[in-house]
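Here's the structure, in structure tokens; my notes come after.
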Amino acid sequence: MAEVRYFAAAGEAAGVSDEHVSADTLGALLTLVTQRHGPRLGSVLNRCSVLVDGSFSADPKTPLRADSRVDVLPPFAGG
């Protein structure tokens, strides 16, 4: 199961800071977590960057391994 880590507003919307999700692709994972946590998370995900095993990915077809780590990063402000 892929480990999903939510940061800042994404964690607030999900109600958890991390969880494990069984999905073969990034798109399937994002669909599952949106169904699990509701439309509030879905609206936040639309503005987030997603890292799969440390690399940025916006492609829903990105394959996930059982030990993948998916980081969900909302936009950050500051400098």
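This chain uses plain numbering: 1 for the first residue, then up along the sequence.
Contact between T25 and K61 at its shortest, heavy atoms only, is CG2-O, 4.1 Å. Contact between P63 and V52 at its shortest, heavy atoms only, is O-CG1, 4.5 Å. Scanning both residues, G42 and T34, for their nearest heavy atoms gives CA-CG2, 3.9 Å. Between A9 and P74, the closest heavy-atom pair is N-CG, 3.8 Å.
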L51 vs V70, test: side chain to side chain contact (heavy atoms under 4.5 Å, CB included). Steps then yes/no.
CA-CA 6 Å; L51 303 178; V70 178; over 6 Å; no
Start with the C-alpha gap between L45 and V33, add the side-chain angles, then the distance that decides, and say whether side chain to side chain contact (heavy atoms under 4.5 Å, CB included) holds.
CA-CA 10 Å; L45 287 175; V33 299; 4.1 Å; yes
Candidate pair V50 and S57, rule side chain to side chain contact (heavy atoms under 4.5 Å, CB included), full reasoning:
CA-CA 6 Å; V50 177; S57 180; 5.7 Å; no
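E19 and Y6 are linked by a side-chain donor-acceptor pair at a separation below 3.5 angstrom, with hydrogens and angles left out of the test.
Atom CG in D18 sits 9.5 Å away from atom CZ in R69 (nearest 0.5 Å). Note that the CG atom of D67 and the CG atom of D53 stand 7.0 Å from one another [nearest 0.5 Å]. Expressed to the nearest 0.5 Å, how far CG of D71 lies from OG of S55 amounts to 11.0 Å. Taking CG of L30 as the start and CD of Q35 as the end, the distance is 11.0 Å to the nearest 0.5 Å. A distance of 7.5 Å separates CG in L64 from OG1 in T62, rounded to the nearest 0.5 Å.
No more than 12 heavy atoms of other residues, nucleotides or ligands lie within 6.0 Å of CG in D24, so this atom counts as exposed by the packing criterion.
Note: the hydrophobic cluster containing V4 also contains L32 (ILVMFWY, side chain heavy atoms under 4.5 Å, direct or indirect links).
Residues L73 and C48 are not in side-chain contact: their nearest non-hydrogen atoms beyond the backbone lie 4.5 Å or more apart.
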